[in-house]
Chemist: 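I have a structure I would like to understand better, so I am pasting it below and will then ask my questions one at a time.
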Amino acid sequence: MSESDAAKRVQAPIYPVILSGGAGTRLWPLSRPETPKQFLTLLGTSTMMQETVARTTGRAGFASPLVVSGERHVALVAQQIREAGSEPAAIFLEPEGRNTAGAIALAAYWLAERDGEALMLIMPSDHAIADIESFHGAIAAACPAARAGWLVTFGIRPTHAETGYGYIEAGDALADVPGVHRVAAFVEKPPLETARALIETGRHCWNGGIFLFSARAYVGELERLAPKVADACRSAMRAARDDGDYIRPDAVAFGACPSISIDYAIMEKTDTAVVVPVDMGWSDVGSWEALWMLKDRNGQDSICEGVAIDMDGRGNLVIVDGGPPVGTMGMRDCVIVSTAKGVLVMPRDRSADIRALAEAMLKRTDGN
């Protein structure tokens, strides 16, 4: 590598790539197809999208974000990013959802033409991270590996046996790159006893879906391991329309892209996958149970928000947001959510089943 190439690697910025999709079903009825959870104020005073943008805004070495979203949410995306004090470098509008491998590819092909050595920090727009400094410490640890061509994923050190997440097994450490390990294996979402056994090994982390790699490295592995995804996204970007505000990949070309995640398409097949384990207070806020665990609870171990009274209850999550007031008596470990679009009542331990109910209710109400 020449001195100029080496200098370019050092100077290449990190582009946050924010993935903003979602069906709006896992926190129904608060989240809905028109307003998935990244656009809601669930924790603190900012929306989850704004919190994601804020994690890199104003930080040295980071460029303005690239955002991949859909036409349905474009106005919300642009508004919320600017309210967070940032101006996106580009917003890509997927003609239709094709999962994460294709979504990332749109940004990667755009960036590869401009600066292939620039790093891409892939972040879902609807995750919570409590310890931002630990997050940036993990990014700093990962940068040397990413600049050397490795595909880095961030493994979340588990706090409990969780059956709703996939796991990553950390293997041998990379030589001369502290804190970075080869990926020994990816593990599908396990049953409870398996999850407990994984945690006991001390080698397994939750798969948080956050990545760091160069645009060139991702495109190279995509073309080698998932050529149908690569061909569709490359063609879609070559024929994309850029109106100055949004980049619209060609719909026909992108429609040929298989719907597949980056894990299945690339990470589980490549020999360049490495993991940085990190404890940063992460959650995908993927269920009402997860939200209950993240929020401050009262002396009854319950949470009440809005015009709600939880009398003689315990372990409940009661939220009123635009719907009728709620009064409960003697309830235990329940979720009660009242909005103008729907009302939910269920045991907290059924949170993982909400998608089926939400989809059935949305069909019944024609999505209104």
Side-chain angles (χ1 to χ4, degrees), residues 9 11-22 36-39 46-70 73-74 76-94 100-147 150-154 156 208-219 245-247 262 276 278 280-282 284-285:
R9 282 186 180 274
Q11 296 169 4
I14 300 174
Y15 280 81
V17 179
I18 300 174
L19 306 181
S20 180
K37 62 186 168 80
Q38 64 264 32
F39 301 117
S46 300
T47 68
M48 302 194 76
M49 167 68 79
Q50 291 168 338
E51 290 175 354
T52 303
V53 172
R55 284 173 200 142
T56 57
T57 299
R59 294 261 183 174
F62 287 90
S64 297
L66 306 175
V67 184
V68 185
S69 184
H73 302 139
V74 62
L76 278 171
V77 167
Q79 174 188 345
Q80 293 207 356
I81 290 176
R82 289 172 182 134
E83 287 178 355
S86 182
E87 189 71 26
I91 298 177
F92 305 89
L93 299 183
E94 291 180 290
T100 52
I104 296 166
L106 298 178
Y109 277 110
W110 182 88
L111 191 54
E113 286 191 356
R114 291 155 177 80
D115 184 357
E117 302 303 334
L119 299 186
M120 306 170 65
L121 175 64
I122 313 300
M123 296 186 292
S125 60
D126 57 356
H127 289 185
I129 296 177
D131 188 345
I132 303 301
E133 293 311 312
S134 290
F135 178 44
H136 281 277
I139 294 170
C143 275
R147 295 197 189 283
W150 296 92
L151 305 184
V152 183
T153 184
F154 295 89
I156 313 303
I210 304 173
F211 305 90
L212 183 72
F213 38 66
S214 71
R216 191 183 309 281
Y218 182 72
V219 165
D245 293 317
Y246 309 110
I247 297 172
I262 180 178
V276 175
V278 57
M280 56 185 182
W282 171 91
D284 72 346
V285 199

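Numbering of residues begins at 1 and proceeds along the displayed sequence.
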Chemist: Identify the heavy atoms of A215 and A108 that sit nearest to each other, and give their distance.
Modeler: CB-O, 3.8 Å

Chemist: Begin with the C-alpha distance, continue with both residues' side-chain angles, and end with the deciding distance and a verdict on side chain to side chain contact (heavy atoms under 4.5 Å, CB included) for R59 and I139.
Modeler: CA-CA 12 Å; R59 294 261 183 174; I139 294 170; over 6 Å; no

Chemist: Which pair of heavy atoms, one from R147 and one from E117, lies closest together, and at what distance?
Modeler: NH1-O, 4.3 Å

Chemist: Looking at CE of M120 and CD1 of I14, how far apart are the two atoms once the value is rounded to the nearest 0.5 Å?
Modeler: 12.5 Å

Chemist: For the residue pair Y246 and I91, establish whether any side-chain heavy-atom pair is separated by less than 4.5 Å.
Modeler: yes

Chemist: Measure from the side-chain N and O atoms of T100 to the backbone N and O of I262, and report whether any donor-acceptor pair falls under 3.5 Å.
Modeler: yes

Chemist: May I ask you to test the F211-L151 pair for a side-chain heavy-atom distance under 4.5 Å?
Modeler: no

Chemist: Does a side-chain heavy-atom distance below 4.5 Å link I156 with M280?
Modeler: yes

Chemist: Please determine if K37 and E51 form a salt bridge, counting it only when a charged side-chain N lies under 4.0 Å from a carboxylate O.
Modeler: no

Chemist: So how far is it from L121 CG to R55 CZ, rounded to the nearest 0.5 Å?
Modeler: 10.0 Å

Chemist: Can you see which heavy atom on S64 is nearest to which on P16, and at what distance?
Modeler: O-CD, 4.1 Å

Chemist: Do W282 and D131 make a side-chain contact, defined as non-hydrogen atoms from C-beta onward lying under 4.5 Å apart?
Modeler: no

Chemist: Please report the shortest heavy-atom distance between T57 and G85, naming the atom on each side.
Modeler: CG2-O, 3.8 Å

Chemist: Working note: D126 + L19, criterion side chain to side chain contact (heavy atoms under 4.5 Å, CB included); need CA distance, chi angles, decisive distance, verdict.
Modeler: CA-CA 9 Å; D126 57 356; L19 306 181; over 6 Å; no

Chemist: On a heavy-atom basis, which atom in F92 and which in L106 lie closest, and how many Å separate them?
Modeler: CE2-O, 4.1 Å

Chemist: Once rounded to the nearest 0.5 Å, what's the spacing between atom CZ of R114 and atom OH of Y109?
Modeler: 14.5 Å

Chemist: Starting at OG1 of T52, measure out to CE of M123 and round the result to the nearest 0.5 Å.
Modeler: 6.5 Å

Chemist: Would you say the side chain of I104 lies within less than 4.5 Å of the side chain of F213, judging by non-hydrogen atoms?
Modeler: yes

Chemist: How many angstroms lie between atom CD of E94 and atom NE2 of H73, to the nearest 0.5 angstrom?
Modeler: 11.5 Å

Chemist: Any side-chain heavy atom of C143 sitting closer than 4.5 Å to one from L212?
Modeler: yes

Chemist: Would you give the length of the straight line joining atom CD1 of I210 to atom NE2 of H127, rounded to the nearest 0.5 angstrom?
Modeler: 7.0 Å

Chemist: So, for V276 and A142, which heavy atoms are closest and what is the spacing to 0.1 Å?
Modeler: CG2-CB, 3.8 Å

Chemist: With a 4.5 Å limit on heavy-atom distance, are the side chains of F135 and V278 in contact?
Modeler: no

Chemist: Does I18 reach the side chain of V68, with side-chain heavy atoms less than 4.5 Å apart?
Modeler: no

Chemist: Out of L119, L111, D115, which one pairs with S214 under the side chain to side chain contact (heavy atoms under 4.5 Å, CB included) rule?
Modeler: L119

